[in-house]
Amino acid sequence: VGAWIWDAKLGLGFVSEMDVDEAYQDYNATRRLVFFTFLLVIVLFIVFSGVLGKALKRTRALSDKFKRNESFLITVFESSIVALVLIDKQGIIRSFNNAAVRLFDYAPEEVLGRNVNVLMPEPYHSQHDGYLKSYLTTGTAKVIGSLREVLALKKSGSEFPIELSVSEVRFGDEIFFLGTVEDITERKHMEKALLESHDRLEMRVAKRTQELRSINEDLKNFAYIVSH
């Protein structure tokens with residue numbers, strides 16, 4: 001392969017000559033580089049596709065498992081015969097199960113997003129946010145983790161006694177509180193009836209004891225008179 005050029009200023013011509021292999025050496029090297037690069041891209045694509053496919057499959061499996069677990073927990077929460085109320089750290093109601101609906105007479109949409117103190121009469125209504133803030137600040141539990149008997153408030157405004165247990169629940173970095181609520185109205189009625197029955201029995205025993213003392217005193221007097 002040759003090339004010729006004329007330089008008019010110098011009045012000279014220049015000739016260059018090389019063999020074919022030398023002429024196409026850079027071209028062939030570049031072509032091989034492009035070919036191997038393309039081949040490498042294909043191999044990497046295949047490998048990456050396989051890894052990505054496995055990752056996506058694993059992600060879908062984990063997602064499906066999470067959805068099943070979430071669905072299971074929701075089912076358990078909603079089907080519980082005990083009233084359950086889930087609130088966030090601001091005291092806002094986030095979940096309100098079917099038993100709570102029956103207990104407080106509120107539909108879920110009427111309480112979700114509202115402060116849980118809507119379910120409390122005074123003084124609990126005004127004190128609740130302070131208890132919650134104090135616990136989050138100091139870690140000292142006054143209500144959380146204990147079983148307490150307090151009064152609750154129905155939608156109608158009527159008060160009724162409940163047994164309340166509050167537990168802390170963590171989801172990642174988020175903090176929630178789960179309240180377990182049991183209506184103890186019937187228990188309180190029974191306790192009152194038992195107490196009244198006990199009081200009546202004590203009164204009867206006291207009266208009978210007094211009568212026996214009186215009879216005993218009369219017998220003593222009679223015995224004294226007879227003996228004299």
Side-chain angles (χ1 to χ4, degrees), residues 60-199:
R60 282 195 296 268
L62 290 174
S63 178
D64 291 342
K65 183 178 180 180
F66 175 79
K67 288 179 180 179
R68 288 195 300 271
N69 290 341
E70 183 181 29
S71 177
F72 174 75
L73 290 174
I74 291 174
T75 301
V76 171
F77 184 86
E78 291 297 338
S79 61
S80 172
I81 62 173
V82 178
L84 300 174
V85 181
L86 184 71
I87 66 172
D88 61 21
K89 62 182 180 181
Q90 281 77 41
I92 303 301
I93 299 174
R94 296 304 178 191
S95 293
F96 199 73
N97 77 342
N98 293 325
V101 170
R102 294 190 293 270
L103 184 61
F104 291 97
D105 297 328
Y106 279 105
E109 59 270 18
E110 293 179 300
V111 292
L112 294 178
R114 298 178 65 181
N115 194 297
V116 71
N117 61 17
V118 71
L119 307 177
M120 306 173 186
E122 293 293 352
Y124 313 110
H125 180 92
S126 301
Q127 295 173 347
H128 180 265
D129 287 351
Y131 287 147
L132 200 56
K133 185 177 180 180
S134 175
Y135 173 74
L136 292 170
T137 303
T138 65
T140 302
K142 296 181 180 179
V143 177
I144 297 167
S146 61
L147 190 64
R148 304 170 66 232
E149 291 186 3
V150 295
L151 291 176
L153 195 65
K154 289 183 179 290
K155 181 181 178 179
S156 63
S158 60
E159 298 180 8
F160 64 104
I162 62 170
E163 190 171 75
L164 173 67
S165 174
V166 181
S167 304
E168 181 180 337
V169 181
R170 290 181 178 267
F171 291 106
D173 295 331
E174 295 185 89
I175 300 175
F176 296 89
F177 299 96
L178 180 65
T180 303
V181 186
E182 182 182 358
D183 186 350
I184 56 173
T185 301
E186 291 300 321
R187 185 203 302 176
K188 287 298 180 183
H189 286 164
M190 292 180 62
E191 288 177 356
K192 183 179 179 181
L194 287 172
L195 184 60
E196 291 175 348
S197 177
H198 180 266
D199 290 342

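Keep in mind the model is a prediction, meaning the values are calculated, not measured.
- No more than 12 heavy atoms of other residues, nucleotides or ligands sit less than 6.0 Å from atom CD1 of Ile81.
- Ser146 contributes atom OG, which lies 8.0 Å from atom CG of Leu164 (distance to the nearest 0.5 angstrom).
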For Leu153 and Leu119, what are the C-alpha separation, side-chain angles and deciding distance, and is it a side-chain contact (heavy atoms from CB on, under 4.5 Å)? CA-CA 5 Å; Leu153 195 65; Leu119 307 177; 5.6 Å; no

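- Between Thr137 and Lys133, the closest side-chain pair of non-hydrogen atoms falls below 4.5 Å.
- The two atoms that bring Ile144 and Glu168 nearest to each other are CG2-N, 4.2 Å, heavy atoms only.
- Scanning both residues, Ser80 and Ala99, for their nearest heavy atoms gives O-CB, 3.6 Å.
- Here the closest heavy-atom approach between residue Asp88 and residue Phe176 is recorded as CA-CD2, 3.8 Å.
- Between the OH atom in Tyr124 and the CZ atom in Arg148 there is a gap of 6.5 Å [rounded to 0.5 Å].
- Contact annotation: the side chain of Ser95 never approaches that of Val85 to less than 4.5 Å [non-hydrogen atoms, C-beta and beyond].
- One finds the CD1 atom of Ile93 at 8.5 Å from the CG atom of Asn117 (value rounded to the nearest 0.5 Å).
- Thr138 places a side-chain N or O within 3.5 Å of a backbone atom of Ser134 that can act as its donor or acceptor partner.
- Looking at Leu84 and Thr180, their side chains come closer than 4.5 Å, going by heavy atoms from C-beta outward.
- Ring planes of Phe104 and Phe96: tilted class, angle from 30 to 60°.
- Under a 3.5 Å cut-off, the side chain of Asn97 and the backbone N or O of Leu86 do not form any donor-acceptor pair.
- Considering Arg94, His128, Arg114 in turn, His128 is the only one that fulfils the side chain to side chain contact (heavy atoms under 4.5 Å, CB included) rule with Ile87.
- Summarising the geometry of Phe177 relative to Leu136, their closest heavy-atom pair is CZ-CD2, 4.0 Å, with the distance given to 0.1 Å.
- The CD atom of Glu191 sits 14.0 Å away from atom NE2 of His198, with the distance rounded to the nearest 0.5 Å.
- Nearest heavy-atom pair across Tyr106 and Lys154 is CE1-C, 4.3 Å.
- Glu182 CD to Arg187 CZ: the interatomic distance, rounded to the nearest 0.5 Å, is 5.5 Å.
- The structure places CG of Asp183 at 11.0 Å from CD of Glu163, a figure rounded to the nearest 0.5 Å.
- A pairwise comparison of heavy atoms in Gln90 and Asp129 identifies O-OD1, 4.5 Å as the closest pair.
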